[in-house]
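All figures in this text were calculated on a predicted structure; none of them were measured in a lab. In what follows, chains carry the letters A, B, and so on, assigned in the order in which the sequence lines appear, proteins first and then strands, with residues in each chain numbered from 1.
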There are 2 protein chains.
Amino acid sequence: MRKYYTITELTREFGVSTRTLRFYEDEGLIQPDRRGRTRLFRASDRHLIKEILRGRRLGFTIAEIREIIDIYKGPPGELGQLELMMKRVAEKREQLAQKRQDIEDTLAELDNVDEACLARLAELRVGT
Amino acid sequence: MRKYYTITELTREFGVSTRTLRFYEDEGLIQPDRRGRTRLFRASDRHLIKEILRGRRLGFTIAEIREIIDIYKGPPGELGQLELMMKRVAEKREQLAQKRQDIEDTLAELDNVDEACLARLAELRVGT
DNA sequence: ACTTTCTTTTACGTAAAAGTCAATTTTCAC
DNA sequence: GTGAAAATTGACTTTTACGTAAAAGAAAGT
C-alpha cells in the first residue's frame with residue numbers, strides 16, 4: 001500500500017481541481033498530513049474524497065455531505081449519542097429513498113419516450 | 001378536472017416560492033397562460049413543475065433539467081432528430097444509473113453504521 | 001545550478017438558483 | 001365599488017461551490 005498521494009495525483013484520478021480539494025480541506029471534510037506546507041493525502045483522505053464526490057453527484061450540499069461524513073466517523077460510546085446517530089442515519093436513508101424513487105420515476109418516463117421513438121421509427125420504415 | 005391553478009396554490013402544494021416559479025418561467029421551463037398579467041397554471045404546468053423539482057432533488061442543474069424536459073416534449077418526426085433524441089435518452093439513462101449506484105453505495109455504508117450502532121447498544125445493555 | 005513543474009497562500013471573481021424588497025397593479029369578497 | 005389580499009415586475013442581494021490570478025516557496029529532472 002502507498003503511503004501518500006500528492007494533490008495532483010488525486011485531482012487527476014478524480015477529475016477535480018486542486019482548488020476543489022483545498023476547498024474541501026477548508027471546509028473540514030478532509031485533513032491531509034503536511035510535510036512542511038505541502039499536503040500529503042493518505043488512503044483515508046482518498047476514500048473520503050470518493051464519498052464527497054458521490055454525495056456531490058447526488059446533489060447533496062457540502063453541509064449535507066459533512067453530515068454524512070460525520071456519521072461515518074464512527075459511532076460514539078455514549079447512549080444518547082448513539083440514539084442521535086441512529087436518528088440521523090434514518091433521516092439520510094429517507095432522503096436517499098426519495099432520490100431513488102425520483103430516479104425510478106424519471107427512468108420510467110424515459111422508457112416511454114424511447115418507446116415513442118421506436119414506434120415512430122417503425123412507422124418511418126414502413127414508409128408513412 | 002380543474003382548469004387552472006393560481007401561483008400560490010402551487011407554491012403551497014410544492015413548498016416553493018413564487019419567485020421560484022417565475023424563475024422557472026423566465027428560464028422557459030414552464031409557460032403558464034395569462035389572464036391580463038396574472039399567471040394561470042394548467043395541469044400540464046403543474047406536472048412540469050413536479051418534474052423540475054424531481055430533477056432538482058437529484059442534483060440536476062436547470063440546464064440539465066431543461067434537457068430532460070425537452071426530451072419529454074415528444075419525439076419529432078424526422079429520422080435524424082429521432083436518432084439524436086434516442087442518444088440523449090441513453091445519456092440521461094447513464095447519468096441516472098450512476099446516481100442510482102451512488103445511492104446503493106451510500107445506503108450500504110449507512111447499513112454498516114447502523115450495525116455498529118446496534119452492536120454498541122447491545123454491549124451497553126449487557127453492561128460493558 | 002538551472003529550469004520546469006508543483007505546490008502554497010491570499011484574495012478577489014463568478015455562475016447558478018433563488019431570496020428579498022419596493023413599488024405597482026389586479027383580483028376577490030363583500 | 002371599495003378595501004384587503006394577492007400578484008406583478010424589476011432591481012438588488014445572498015449563498016454555494018468553486019474559478020482564477022498573483023506571488024512565492026519547494027522538488028525534481030538534466
Side-chain angles (χ1 to χ4, degrees), chain A residues 2-42 45-46 48-70 95 98-99 102, chain B residues 2-42 45-46 48-70 95 98-99 102:
Chain A
R2 305 260 320 263
K3 186 118 201 255
Y4 288 121
Y5 301 86
T6 72
I7 196 166
T8 28
E9 277 177 325
L10 294 182
T11 62
R12 281 177 191 144
E13 174 172 6
F14 295 115
V16 297
S17 68
T18 58
R19 178 73 181 82
T20 298
L21 294 183
R22 290 186 194 117
F23 172 71
Y24 292 154
E25 183 183 9
D26 285 347
E27 290 293 312
L29 299 178
I30 49 181
Q31 283 116 20
D33 278 358
R34 298 281 179 134
R35 176 173 49 207
R37 327 169 87 188
T38 304
R39 290 168 180 79
L40 299 172
F41 294 80
R42 284 156 303 185
D45 295 311
R46 181 167 166 280
L48 270 178
I49 292 169
K50 271 191 202 175
E51 307 205 329
I52 294 167
L53 298 180
R54 214 163 59 193
R56 197 173 73 161
R57 282 193 298 272
L58 290 174
F60 284 115
T61 66
I62 294 297
E64 288 169 325
I65 291 172
R66 201 197 327 274
E67 283 176 28
I68 297 178
I69 284 181
D70 285 348
Q95 291 179 25
Q98 170 71 68
K99 284 180 198 285
D102 287 333
Chain B
R2 303 256 326 255
K3 186 119 202 249
Y4 288 121
Y5 300 85
T6 71
I7 196 167
T8 29
E9 277 177 325
L10 294 181
T11 63
R12 279 179 192 142
E13 174 171 4
F14 296 115
V16 297
S17 69
T18 58
R19 179 72 182 79
T20 299
L21 295 184
R22 288 195 269 266
F23 173 69
Y24 291 155
E25 183 183 8
D26 285 347
E27 290 293 313
L29 299 179
I30 50 182
Q31 283 117 18
D33 279 357
R34 297 284 177 132
R35 177 172 50 206
R37 325 169 88 186
T38 304
R39 291 166 180 79
L40 298 172
F41 294 80
R42 283 157 303 185
D45 295 311
R46 180 166 166 280
L48 269 178
I49 292 168
K50 270 191 202 174
E51 307 204 330
I52 294 167
L53 298 180
R54 214 162 59 193
R56 197 173 71 162
R57 282 194 298 271
L58 290 174
F60 284 115
T61 66
I62 295 296
E64 288 168 325
I65 291 172
R66 201 198 327 274
E67 284 176 29
I68 297 178
I69 284 180
D70 286 347
Q95 291 179 24
Q98 170 70 67
K99 284 180 198 284
D102 287 331

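Within the 4.5 Å cutoff, side-chain heavy atoms of A:F14 are placed close to those of A:K50. Counting heavy atoms from C-beta on, the side chains of B:E64 and B:I68 never come closer than 4.5 Å.
Each end of the helix from C:dA1-D:dT30 to C:dC30-D:dG1 gets its own axis, taken as the rotation carrying the C1' atoms of four end pairs onto the next four within a five-pair window, and the two axes meet at 30° to the nearest 10 degrees.
Atoms CG and OH, from A:L10 and A:Y4 in turn, are 13.0 Å apart once rounded to the nearest 0.5 Å. Atom CD of A:Q98 and atom CZ of B:R54 lie 10.0 Å apart (nearest 0.5 Å). Between the CG atom in A:D26 and the CG atom in A:L21 there is a gap of 11.0 Å [rounded to 0.5 Å]. Interatomic distance, CG of A:D45 versus CG of A:L48, reported as 6.5 Å (0.5 Å rounding).
When the side-chain nitrogen and oxygen atoms of A:Y24 are compared with OP1 and OP2 of D:dC18, one or more of them lie within a distance under 4.0 Å. Note on B:R39: a side-chain N or O is less than 4.0 Å away from OP1 or OP2 of D:dT9.
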Task: Intermediate values then yes/no, side-chain contact (heavy atoms from CB on, under 4.5 Å), B:Y24 and B:I49 - done: CA-CA 9 Å; B:Y24 291 155; B:I49 292 168; 5.6 Å; no
TODO: Go through the steps to decide whether A:I7 and A:T38 satisfy the test side-chain contact (heavy atoms from CB on, under 4.5 Å), and finish with yes or no.
DONE: CA-CA 9 Å; A:I7 196 166; A:T38 304; over 6 Å; no
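With 3.5 Å as the limit, one finds no donor-acceptor pair spanning the side chains of B:T11 and B:T8.
When the P atom of C:dT10 is taken as reference, atom CZ of A:R22 falls 12 Å away, rounded to whole Å. Regarding B:E27, its CD atom lies at a distance of 9 Å from the C1' atom of C:dA16, rounded to whole Å. With rounding to whole Å, B:Y4 atom OH is found 16 Å from D:dA7 atom P. Across the protein-nucleic acid pair, A:F14 atom CZ and D:dC18 atom C1' stand 18 Å apart, rounded to whole Å. Note: CZ (A:R34) to C1' (C:dT8) measures 8 Å, nearest angstrom. What separates CD of A:E25 from C1' of D:dC18 is a distance of 15 Å, to the nearest Å. If you measure from atom CG of B:L29 to atom P of C:dA16, you get 14 Å, rounded to the nearest angstrom.
Between B:R42 and B:D33 a salt bridge is recorded (basic side-chain N to carboxylate O distance below 4.0 Å). A salt bridge links A:E25 and A:R34; the closest N-O separation between the charged side-chain nitrogens and carboxylate oxygens is under 4.0 Å. Taking a cutoff of 4.0 Å between a charged side-chain nitrogen and a carboxylate oxygen, A:D102 and B:R57 qualify as a salt bridge.
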Open item on the list: Across nucleotides 19-30 of chain C, 5' to 3', mark each nucleotide with B, S or - according to how protein heavy atoms within less than 4.0 Å reach it.
Closed with: BB----SSSS--
Task: Base versus backbone protein contacts along nucleotides 1-6 of chain D [heavy-atom cut-off under 4.0 Å; B, S, -] - done: -----S
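A search for salt bridge (charged side-chain N to carboxylate O under 4.0 Å, His left out) contacts involving A:R56 returns nothing, not counting sequence neighbours.
Applying the salt bridge (Lys or Arg N to Asp or Glu O under 4.0 Å) test to pairs two or more places apart or on separate chains, those with a residue in residues 7-22 of chain B are B:R2-B:E9, B:E13-B:R46.
Checked against C:dA18, D:dA17, D:dT8, the side chain of A:F23 finds its nearest nucleotide in D:dA17.
The stretch residues 49-68 of chain A has no heavy atom under 4.0 Å from DNA chain C, so no residue of it qualifies as close.
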